[in-house]
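Letters A, B, ... mirror the listed sequences (proteins, then strands); counts begin at 1.
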Number of protein chains: 2
Amino acid sequence: MAAVTVDLVLLTIRRGALQVLLVRRGIEPFLGQWALPGGFVHDDEDLDVAAARELREETGVDPTAGHFEQLATYGTPGRDPRGRVVTVAYLALLPDLPAPVAGSDAAHAEWRPADDPGLAFDHDRILADGVERARAKLEYSPLATAFCPPEFTVAELRGVYETVWRTRLDPRNFHRKVTTAEGFVEPTGHSVTRDRGRPAQLFRRGPATLLHPPLLRP
Amino acid sequence: MAAVTVDLVLLTIRRGALQVLLVRRGIEPFLGQWALPGGFVHDDEDLDVAAARELREETGVDPTAGHFEQLATYGTPGRDPRGRVVTVAYLALLPDLPAPVAGSDAAHAEWRPADDPGLAFDHDRILADGVERARAKLEYSPLATAFCPPEFTVAELRGVYETVWRTRLDPRNFHRKVTTAEGFVEPTGHSVTRDRGRPAQLFRRGPATLLHPPLLRP
DNA sequence: ACAAAAGTGTTCCTTCTACACCCATGC
DNA sequence: GCATGGGTGTAGAAGGAACACTTTTGT
């Protein structure tokens with residue numbers, strides 16, 4: 001027998017950086033350290049449901065806003081000094097939320113850079129696995145749109161790839177690739193001026209779930 | 001609190017078909033039905049270690065012979081009528097073993113076609129997830145070699161792809177692709193005549209862990 | 001000799017890459 | 001006007017698909 005928890009790797013892009021939602025621990029062990037949000041799975045509750053509930057409780061976010069999937073399960077004996085705890089980690093990719101941590105349980109939740117180590121428990125490793133999963137998934141799936149608001153420009157979508165992959169992509173080739181890939185994005189017909197320069201068309205997510213051919217990391 | 005188990009999706013290729021190792025249940029519930037092998041995680045045991053131990057116990061196989069990874073975790077309330085059981089599923093890709101189920105706990109373990117439904121618990125779904133993971137991984141990793149013995153021919157490796165993907169691949173283009181992809185396979189210098197026809201060179205796995213560019217499903 | 005499987009060469013076509021160039025706006 | 005970002009065209013390189021053809025064995 002073991003306690004079963006869910007931990008959440010909530011990723012978003014804020015101020016041009018990949019960020020993760022962390023909470024500051026208010027009790028021992030690891031008092032005062034940053035940790036992934038999470039909590040116990042209820043007796044009559046499915047794992048996905050528990051993760052979605054925690055997401056709502058910790059962030060006030062609708063889980064359907066972005067993308068949500070099981071990441072992996074961690075159960076090394078001793079990973080929690082209080083006893084045997086097996087945690088099922090979930091990964092969510094979310095748009096930069098207008099009211100990020102509103103009405104939250106954890107009043108001390110905060111978006112932090114995703115590459116800072118020093119988290120409680122084995123959360124450094126869980127976070128690293130989540131970031132790596134996100135990097136890989138952008139190649140074969142249209143999930144980059146999960147980081148964007150419902151309507152977005154091609155430049156904003158390119159910014160997602162550049163931030164997550166830590167590379168620069170050619171704006172011209174990226175535009176062609178994304179707009180010609182079947183079902184990746186759909187034009188809304190509207191356009192908007194973000195900075196200076198020519199107004200950009202707005203797009204929304206398309207129906208595709210896979211990218212054929214993929215968009216490979218340089 | 002919940003009971004934590006590991007379940008194993010052990011895949012191999014036998015007689016030209018993708019097969020999975022199943023055990024016939026000797027106790028209720030699901031008495032007499034086929035199920036994935038598995039068992040309880042010990043109190044002081046890591047999840048990976050428990051899975052590797054079950055693999056040895058059920059099959060007598062060295063886990064390093066093929067490939068081994070965590071698949072996903074399943075914890076729907078009621079998936080086991082005896083109580084709350086959360087199971088961490090592992091996926092292994094194994095060569096066709098000379099002595100498949102020797103010295104095994106489960107004397108009734110047997111290789112069965114991987115596409116037959118009717119398993120106990122939610123094992124149909126776990127198996128389907130494992131097969132889909134295997135299909136996807138062959139595209140961008142060199143893991144097809146995990147289904148092969150230490151030395152193998154290009155035709156045997158092609159047979160792995162054809163069986164797992166349920167397609168035909170052009171032998172000539174496949175040969176070129178595999179032998180020129182950096183680190184996928186290495187020539188041993190030996191050759192062997194399998195059927196009729198010109199003898200084939202033997203290869204062993206190369207050091208690569210990713211395929212660049214990938215080998216996409218047709 | 002013939003069948004069968006292994007392996008090479010070649011041609012065509014799609015996709016990637018790099019970059020020249022035009023477009024539409026704010027200032 | 002000019003700077004700035006949005007978007008199109010195009011030439012060359014790289015990789016994939018189709019298939020003719022040669023090599024090396026068993027029978």
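- Judged purely by distance below 3.5 Å, without hydrogens or angles, the side chains of Thr87(B) and Asp7(B) pair a donor atom with an acceptor atom.
- The stretch residues 85-94 of chain B participates, sequence neighbours left out, in no salt bridge (charged side-chain N to carboxylate O under 4.0 Å, His left out) pair at all.
- Note on the helix from dA1(C)-dT27(D) to dC27(C)-dG1(D): terminal axis deviation equals 0°, with five pairs used at each end and the result rounded to 10°.
- Using a distance-only test at 3.5 Å, with no hydrogens or angles considered, a donor-acceptor pair links the side chain of Gln33(B) to the main chain of Gly118(B).
- Among residues at least two apart or in separate chains, salt bridge (charged side-chain N to carboxylate O under 4.0 Å, His left out) pairs with a member in residues 169-179 of chain A are Asp170(A)-Arg172(A).
- Aromatic ring centres of Tyr140(B) and Tyr140(A) lie closer together than 6.0 Å.
- First and last contacting nucleotides of DNA chain C toward chain B (any atom under 4.0 angstrom from a heavy atom, 5' to 3' order): dA4(C) to dT10(C).
- Between Gln201(A) and dG6(D) there is no side-chain polar atom (N or O) within less than 4.0 angstrom of OP1 or OP2.
- Residues satisfying the ring-ring contact (aromatic ring centres under 6.0 Å, His included) test with Tyr90(B), not counting sequence neighbours, are Phe68(B).
- Remark: Arg166(A) CZ is loosely packed, at most 12 non-hydrogen atoms of other residues, nucleotides or ligands lying under 6.0 Å away.
- Applying the ring-ring contact (aromatic ring centres under 6.0 Å, His included) criterion to Trp165(A), with sequence neighbours excluded, gives Tyr161(A).
- Less than 4.0 Å separates DNA chain D from no heavy atom of any residue of residues 142-154 of chain B.
- To the nearest 0.5 angstrom, Leu127(A) atom CG is 9.0 Å from Asp129(A) atom CG.
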Before you tell me yes or no, could you show the steps for Arg125(A) and Glu132(A) under salt bridge (Lys or Arg N to Asp or Glu O under 4.0 Å), namely the whole-Å CA-CA distance, both residues' side-chain angles and the distance that decides it to 0.1 Å?
CA-CA 10 Å; Arg125(A) 161 131 187 252; Glu132(A) 183 46 39; over 6 Å; no
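- Thr188(A) places a side-chain N or O within donor-acceptor distance of the main-chain N or O of Leu202(A), the cut-off being under 3.5 Å.
- Annotation: salt bridge (charged side-chain N to carboxylate O under 4.0 Å, His left out) contacts of Arg133(B) (sequence neighbours excluded): Glu69(B).
- Taking every heavy atom of residues 169-189 of chain A and every atom of DNA chain D, pairs under 4.0 Å involve Arg172(A), His175(A), Arg176(A), by number.
- Of the possible donor and acceptor atoms, one in the side chain of Gln70(A) sits under 3.5 Å from a partner among the backbone N and O of Thr73(B).
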Short heteroatom pairs, N/O only, protein and nucleotides 24-27 of chain D, under 3.5 Å:
from	atom 1	to	atom 2	distance (Å)
dT24(D)	O2	Arg198(B)	N	3.2

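- You'll find the side chain of Ile13(A) stays beyond 4.5 Å of the side chain of Asp96(A), heavy atoms only.
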Verdict with reasoning, Phe152(B) to Phe203(B), per ring-ring contact (aromatic ring centres under 6.0 Å, His included)
CA-CA 5 Å; Phe152(B) 52 86; Phe203(B) 294 85; 7.0 Å; no
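- For residues 196-207 of chain B, the pairs satisfying salt bridge (charged side-chain N to carboxylate O under 4.0 Å, His left out) are Glu186(B)-Arg204(B), with sequence neighbours left out.
- Each of Leu10(B), Asp116(B), Leu36(B) was compared with Val20(B) under the side chain to side chain contact (heavy atoms under 4.5 Å, CB included) criterion, and only Leu36(B) meets it.
- Heavy-atom distances under 4.0 Å link DNA chain C to Pro213(A), Pro214(A) of residues 206-218 of chain A, given in residue order.
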